[in-house]
Protein chains: 2
Amino acid sequence: MATHFKGTLEQTLALDTWLKLSRAKESVGRKLKPCLGQHGVTSAQFGVLEMLYHLGTLNQTVIARKMLVSGGNVTMLVDNLEKHSWVERRRSQKDRRVIKVHLTTAGKAVIEQVLPIHVGALTEALAVLTSSERETLGMLCKKLGRGQQTDPTRTG
Amino acid sequence: MATHFKGTLEQTLALDTWLKLSRAKESVGRKLKPCLGQHGVTSAQFGVLEMLYHLGTLNQTVIARKMLVSGGNVTMLVDNLEKHSWVERRRSQKDRRVIKVHLTTAGKAVIEQVLPIHVGALTEALAVLTSSERETLGMLCKKLGRGQQTDPTRTG
DNA sequence: ATGATATAATTTAAGCTTAAATTATTTAGC
DNA sequence: GCTAAATAATTTAAGCTTAAATTATATCAT
């Protein structure tokens, strides 16, 4: 038990589980970072590139919603991706408020180069668990994540 | 399966597990944030206050090592905590390079007020899992986290 | 004692992230 | 058509985070 907290057993265990979850995420994240860094891509930028690669051109609003980040954040990420000429902004003709973010040829090349390396590093990082453990971990994380969604239909 | 990645089954499952782990951590983190925010404490600041509360006065180097963050980061966190008068810097007499970070009375009051609320929110967030599921999750996360530590004794 | 090396903290520059305010544009109601 | 409300993107200010360079101090080998 890594905590010094004095509370009920349930509370202490919750804190302990949370610390382990946070640290596991952090540790794996650290393992992944350098393999992106070698190619000059940050983790957040990679997320945008991957999304555009798999889903095609998207509005900034859609990117923000899918990544669960603020609109201002997407503005900055797309700014930085544009500096590398990995994406292009194109104003929608139908609705001039909207900006569509396109992957460029260079952007496509980068994601196609980096994605397999990234997935390889991830696969290696998760290889410390057996496949059945990975499955259990995934299932529990999914349940935990889903359980946090505030249900607006619930009568307070 | 939430990914669009085309690779081996093992790779696809690894990516999927990682997404679920990241999202679970993110979701629980979001649930925790407002309860700290109400008291004007950020998550990172809370980490420092909690550490000082449970372990007593610490050098900035030690704080950085325990939190797995950079020294520059600790400098800034302690700056911001000092602005609130929650901590005090005191130069060590033995070694004048060292700065010892002390929790003030006000800092102690804040952490004592916020900690139970934080733990309560956390316990509630984790309550979507059964106690045996929490235990399994903790065990798997610990194994996964530990497995990432680069072992310098291993012959490359 | 001196000079090389280590360590502790800070600074700087860059990027990530958010919330809140702002601008431009569209849509809906009248 | 005109006004009000909603939506898309940007800007701003604040904080988090890192890596690399800097400053001050301590330690170690001669």
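Note on naming: letters A, B, ... go to the chains in the order of the sequence lines (proteins, then strands), and numbering restarts at 1 for each one. Basis for what follows: all heavy atoms, side chains included, without hydrogens, waters or symmetry-related copies.
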Scan [X] against the nucleic acid and name what it touches under 4.0 Å (heavy atoms): base, sugar-phosphate only, or nothing.
{"X": "B:R89", "result": "sugar-phosphate"}
{"X": "B:D95", "result": "sugar-phosphate"}
{"X": "B:S70", "result": "base"}
{"X": "A:T75", "result": "base"}
{"X": "A:I63", "result": "nothing"}
{"X": "B:T42", "result": "sugar-phosphate"}

Assign each of A:Q93 and A:G72 to its nearest nucleotide of DNA chain C by heavy atoms, then name whichever residue's nucleotide is nearer the 5' end. A:G72

If you find the nucleotide of DNA chain C closest to A:M76 and the one closest to A:K94, which residue's nucleotide is nearer the 5' end? A:M76

Residues in side chain to side chain contact (heavy atoms under 4.5 Å, CB included) with B:V128, at least two apart? A:L144, A:Q148

Side chain to side chain contact (heavy atoms under 4.5 Å, CB included) partners for B:E26, two or more places apart: B:R30

So, the side chain of [X] versus the backbone of [Y]: is there a donor-acceptor pair under 3.5 Å, distance only?
{"X": "A:T57", "Y": "A:K100", "answer": "no"}
{"X": "B:D95", "Y": "B:R97", "answer": "yes"}
{"X": "A:R89", "Y": "A:V101", "answer": "no"}
{"X": "B:R134", "Y": "A:T17", "answer": "no"}

List the steps, then state whether side chain to side chain contact (heavy atoms under 4.5 Å, CB included) holds for B:V74 with B:M67. CA-CA 9 Å; B:V74 173; B:M67 289 182 75; 5.5 Å; no

Chain A contact limits on DNA chain D, taken 5' to 3' with a cut-off of 4.0 angstrom to heavy atoms: D:dA6 to D:dT18

What is the base-pairing partner of D:dT25, counting Watson-Crick and G-U wobble geometry with both distances under 3.5 Å? none

Who is the Watson-Crick or G-U wobble partner of C:dA6, with both distances under 3.5 Å? none

By nearest-nucleotide position on DNA chain D, the 5'-leaning member of A:R30 and A:R91 is A:R91

Here the distance between atom P of C:dT26 and atom CD1 of A:I99, to the nearest Å, is 13 Å

In C:dA14, glycosidic geometry as syn within 90° of 0 or anti otherwise: anti

